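Just so it is clear: chains get the letters A, B, ... in the order the sequence lines come, proteins before strands, and each one is counted from 1. Quantities reported herein were computed from a predicted structural model and do not represent experimental measurements.
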Amino acid sequence: MPRQFYLRLITSLFVALWSLSAAAQQQDLLQAEEAFRLAVERGNNETIEMRWQIEDGYYLYRDHLEAKNPATGETVTLHTDPGIVEAEDANFGPSEVYYLEAVAWLGADAPGEVAITYQGCKKDSICYPPMTVALDTGSLQLSEPVVGFGIAAPSSPSAKNTEIGGFTLADETQNGGMIGSLLASGGALWVIASFLIFGLLLAFTPCVLPMYPILSATLAREGEALTARRGFVLSSAYVLAMAAACGLLGIVAAWSGQNLQMVLQSPYAISAVAVLFVVLAHGWCRSSMSSVSSFSEPPPG
Amino acid sequence: MQIHRIHRTATPFAAAAWDRRSILMGLTALIGAGLVTRVRADDLSAEMILNDPDAPIGGNPNGDLNIVSFFDYNCPFCKRTVDPLSAVLASDGNIRHIYKDWPILAQSSVSGAKLALAAKYQNRYEDAYRALMGIEGSRIPEDRMRQALQTAGFDMAQLEADANEYDADITTLLQRNNAQAEGLGLRGTPVFLVGQFLVASALDEAGFRQVVKDARDAA
């Protein structure tokens, strides 16, 4: 049994680390927003100049550079220079592409907000999905790029709703997510009540199951002296202390927002956790092995 | 050519043991350490990637090595790899090829993927795949895709009917493929998982042979 558990633990560790390592293995492949960096400035005669800095070995397609009015969906004229003709394949037609730098201009008649779409590839490697940014032509402020297509471009920099074909990859936070919908349907009390119920349901998840033997051991230690009242006090102390600790961790995590995720996904954090697990697994395995062997020894005396 | 090591996804031990329970236990362990990250374990078992019952299979279905390809019908580098890969599959004879339609480059990619997967119900997925991959260029209008399928001898009425009837199944398959690709952190197309190696590159025939050899040696 412990051996099986040990094997399982190791396997599940692989599953957990696999996704993280796959991302790490593609480190020589840049993220699209790193490969194609867009900056905007005002040019002569009220025109707006968009300049993409393109990493070496990557290129943008000329005919995939597009500007749209997100409100009406109409195409906005975008002026571009001719690019280099690149034969992506001997058998297939050539495309006009830009290496290292691409420049495009919007005329003075551009609407207040323009959705700019661009798409490129790494030569002989992969092609990236199109990216769309919302440009405020007054302040020249750019939104974060939204990856994907089929979007009329984000209506505001914060709204992200990427639709890919028949399925929508919506940013949950757009409408406040689950909490937002709970708030809308029943107010603050309803949110608190729901979380109490979700919390109770959590008691049946495998994540909480390991706590039961700890609590039962605590109670069993009292032996005959254990009364219902004493049991309740002990259980409450355990549960409240755990809840308080997890609550504090939750507040810290929420407070730090995305940064915590970023930090935890860094190679250092991942390596540290991997090492910690190996150490824990060894310790666990050794202790369970020794407990197995101590059972088989004859009792002293 | 870029070759990256990934964990042993193809060994029988791993394949048999990546069940939901072990994933949950892994997550429990992570939570226990107070360091849970956004692990998309649900979408990421090797079993789901290698043995999705709805994903089309080519090559030798009982082969000893898996090649999973993530591709898009508007992707020029994917098109470039079609012939070299099929040459290697044919001459090797012992490779299982798993097709992962991952339409991310243009709207017409989605339509193309749906039509190709509808051809599965006529047992002609690979014909449709070849027809669509054979169209030159990177932004192919839907009409040209239909034309290519017609030229390949497809009964378009039947194909449309299947596409409509099985739309829900096809869409959820595309969603699963997308979830797997995102879970793996893939950034674009094409990507090949060859045994335990991940290759994001337009390989030629020699390149494929080399990775296949490396994957077998490492297994």
Side-chain angles (χ1 to χ4, degrees), chain A residues 5 7-9 11-26 28-32 61 63-64 88-93 95 119 121-122 124-130 147-150 164-167 169 205-207 209-210 249 261 264-265 269-270 272-273 276-277 280, chain B residues 2 4-9 13-14 17-18 21-35 37-41 44-45 72 75-77 79-80 103-107 110-111 113-114 136-139 167 171 174-175 178 183-191 198 200-202:
Chain A
F5 178 83
L7 279 178
R8 279 233 180 91
L9 189 72
T11 338
S12 45
L13 231 154
F14 273 132
V15 174
L17 292 178
W18 188 25
S19 59
L20 304 169
S21 65
Q25 285 142 21
Q26 294 174 88
D28 51 337
L29 263 182
L30 295 175
Q31 297 277 14
Y61 288 104
D63 65 350
H64 293 199
E88 286 170 324
D89 188 308
N91 304 318
F92 295 125
S95 310
Q119 189 170 15
C121 303
K122 183 182 183 192
D124 296 331
S125 178
I126 64 166
C127 287
Y128 291 91
V147 178
F149 51 82
I164 294 189
F167 44 96
L169 309 170
T205 59
C207 308
L209 290 180
L249 279 175
Q261 276 197 347
L264 289 176
Q265 287 185 14
I270 294 162
V273 177
L276 176 68
F277 273 120
L280 285 177
Chain B
Q2 296 139 6
H4 310 275
R5 257 196 104 82
I6 65 176
H7 282 289
R8 293 171 170 267
T9 62
F13 157 68
W18 318 79
R21 204 152 24 137
S22 60
I23 293 168
L24 281 171
M25 288 174 86
L27 284 175
T28 314
L30 280 171
I31 291 165
L35 282 162
T37 54
R38 199 170 54 96
V39 179
R40 313 181 60 154
L44 259 190
S45 89
D72 181 296
C75 157
F77 299 128
K79 295 176 181 185
R80 198 200 280 185
I104 52 164
L105 297 184
Q107 194 65 50
V110 179
S111 322
K114 286 188 167 182
E136 84 177 43
S138 64
R139 260 197 170 179
D167 187 60
T171 304
L174 291 177
Q175 281 170 327
N178 185 59
L184 285 167
L186 306 188
R187 289 165 191 178
T189 54
V191 170
L198 186 152
S201 177

Considering non-hydrogen atoms only, spot the tightest contact between B:P190 and A:S125 and give its length.
CD-O, 3.2 Å
Which heavy atom of B:I104 sits nearest to which heavy atom of A:P130, and what is that distance?
O-CD, 3.5 Å
With a 4.5 angstrom heavy-atom cut-off, is it the side chain or the backbone of A:Q119 that approaches chain B, or both, or neither?
side chain
In Å and rounded to the nearest 0.5 Å, what is the CG to CG distance from B:L186 to A:L29?
9.5 Å
Separation between OG1 (B:T189) and OH (A:Y128), nearest 0.5 Å, reads 11.0 Å
